[in-house]
Amino acid sequence: TVEISSSQLLFNLVPTGISTASNGTVSLRVRARSQNGDEVTFDAGAVELLRQVQGVLRYGQRDEAGQRDEAEGGDDWAKPSVASFIEQYTGLTWGDFSNMNGGPFPPHASHRNGNDADGWFSGYNALDAATAATIVGHLNQSAGSRITAVFVSYQAQAGDAFYDAIQGVILNDGRAATDVIRPVGGHSTHFHWRVAN
């Protein structure tokens, strides 16, 4: 019997021969052999195939030794189709995506499956009509319909500059801006995108 009394990263697997060009799942089977030749096998199950988002500007502390994210495999993992989508946007700075294997990612309620991304752009924190216009511009880009939700901290009431700016706006793909851009607390310093596969 082997017991580990504290939660710690015991090893990091770097799989080879697995394509990260498209979405999929990866199954993990662990096999351990003792010094006397006894062997045990454990099927750990399947996880979404995620890959690191690369070549983008990042904000905040990232994957440094001793940081909380390291024990979960980092903070810059997304489904291959989502990572490719994010990498095409210029002028944005990115924060958290998902952990290496998805799953819980405190303090986030989401960011569990490689479809979520936190981002920022210069002027975002004003949460005014200009901020709204920039976000609408992202949604109106050629592949912007893949962004299924944008979380922003604004008050959904007349008189809020951000809210007033998106009222009655119909996106190029026919969706109402207010159906996509949602008022969610905790997003006054960054926006949150949920991206479809």
Side-chain angles (χ1 to χ4, degrees), residues 19-24 48-64 67 69 72-102 105 107-154 161-163 165-167 169-197:
S19 171
T20 59
S22 59
N23 296 349
E48 288 286 340
L49 175 65
L50 303 180
R51 77 162 175 86
Q52 285 185 294
V53 178
Q54 299 179 357
V56 299
L57 296 174
R58 302 291 306 277
Y59 64 80
Q61 294 179 320
R62 307 269 65 98
D63 297 338
E64 297 172 14
Q67 298 297 320
D69 298 328
E72 301 295 334
D75 57 12
D76 56 351
W77 295 80
K79 289 179 180 172
S81 64
V82 173
S84 297
F85 178 78
I86 293 294
E87 291 162 352
Q88 74 181 348
Y89 277 83
T90 59
L92 300 176
T93 304
W94 298 98
D96 288 340
F97 295 95
S98 292
N99 289 321
M100 181 188 301
N101 297 316
F105 188 7
H108 303 287
S110 58
H111 293 266
R112 293 173 178 251
N113 62 7
N115 289 86
D116 298 286
D118 288 339
W120 179 85
F121 53 85
S122 181
Y124 174 81
N125 296 33
L127 294 173
D128 57 10
T131 304
T134 300
I135 291 173
V136 167
H138 297 150
L139 293 167
N140 279 334
Q141 288 189 13
S142 61
S145 61
R146 287 191 50 203
I147 303 169
T148 60
V150 181
F151 302 158
V152 177
S153 289
Y154 67 91
F162 187 97
Y163 178 75
I166 64 173
Q167 282 302 296
V169 172
I170 302 298
L171 303 173
N172 290 348
D173 61 13
R175 298 178 294 170
T178 52
D179 289 344
V180 180
I181 307 170
R182 302 178 189 161
V184 177
H187 295 91
S188 60
T189 60
H190 68 280
F191 61 83
H192 174 115
W193 280 0
R194 178 149 303 137
V195 180
N197 296 335

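Source: prediction; values computed, not measured.
- Atom CH2 in W193 sits 5.5 Å away from atom CZ in F85 (nearest 0.5 Å).
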Open item on the list: Test side-chain contact (heavy atoms from CB on, under 4.5 Å) on W94 and D76; report intermediate values, then the result.
Closed with: CA-CA 9 Å; W94 298 98; D76 56 351; over 6 Å; no
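- A heavy-atom distance below 4.5 Å is not found between the side chains of E48 and W77.
- Taking NE2 of H190 as the reference point, atom OG of S153 lies at 8.0 Å (rounded to 0.5 Å).
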- [ ] Starting from the C-alpha separation in whole Å, work towards a yes-or-no answer on side-chain contact (heavy atoms from CB on, under 4.5 Å) for Y89 and I147.
- [x] CA-CA 12 Å; Y89 277 83; I147 303 169; 3.9 Å; yes
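- Residues D75 and H111 have side chains that never bring a donor and an acceptor to within less than 3.5 angstrom of each other.
- Nearest heavy-atom pair across S84 and R51 is OG-NH2, 3.3 Å.
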Sequence neighbours left out, cut at 3.5 Å: what donor-acceptor pairs do the side chains of residues 133-141 make with other protein atoms?
from, atom 1, to, atom 2, distance (Å)
T134, OG1, A130, O, 3.1
N140, OD1, N172, N, 2.7

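- Between A196 and T148, the closest heavy-atom pair is CB-CG2, 3.8 Å.
- In this structure, E87 contributes its side chain and V53 its backbone to no donor-acceptor pair below 3.5 Å.
- When all heavy atoms of T178 and Q167 are compared, the pair lying nearest together is CG2-NE2, 3.2 Å.
- A pairwise comparison of heavy atoms in A78 and A83 identifies CB-N, 4.0 Å as the closest pair.
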TODO: For side-chain contact (heavy atoms from CB on, under 4.5 Å), just list the numbers for T189 and N125, CA-CA rounded to whole Å, side-chain angles, deciding distance to a tenth of an Å, and then say yes or no.
DONE: CA-CA 6 Å; T189 60; N125 296 33; 4.1 Å; yes
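- Screening residues 137-146 for salt bridge (charged side-chain N to carboxylate O under 4.0 Å, His left out), with sequence neighbours left out, gives no hits.
- In this structure, NZ in K79 is found 8.0 Å from CG in L50, a value given to the nearest 0.5 Å.
- Separation of atoms CZ (R194) and CG (D116) is listed at 4.5 Å; rounding is to 0.5 Å.
- In terms of modelled atom types and a separation under 3.5 Å, the side chain of T93 and the main chain of L57 share no donor-acceptor contact.
- Between I166 and A132 the shortest heavy-atom distance is CG2-CB, 3.8 Å.
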Open item on the list: The test is side-chain contact (heavy atoms from CB on, under 4.5 Å); show your working for F191 and L92 and say whether it passes.
Closed with: CA-CA 11 Å; F191 61 83; L92 300 176; 4.3 Å; yes
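- Taken from CG in L49 to CG in N23, the straight-line distance is 7.5 Å, to the nearest 0.5 Å.
- At least one donor-acceptor pair closer than 3.5 Å links the side chain of T131 to the backbone N or O of G123.
- In this structure, I181 CD1 and F151 CZ are separated by 12.0 Å, a value rounded to the nearest 0.5 Å.
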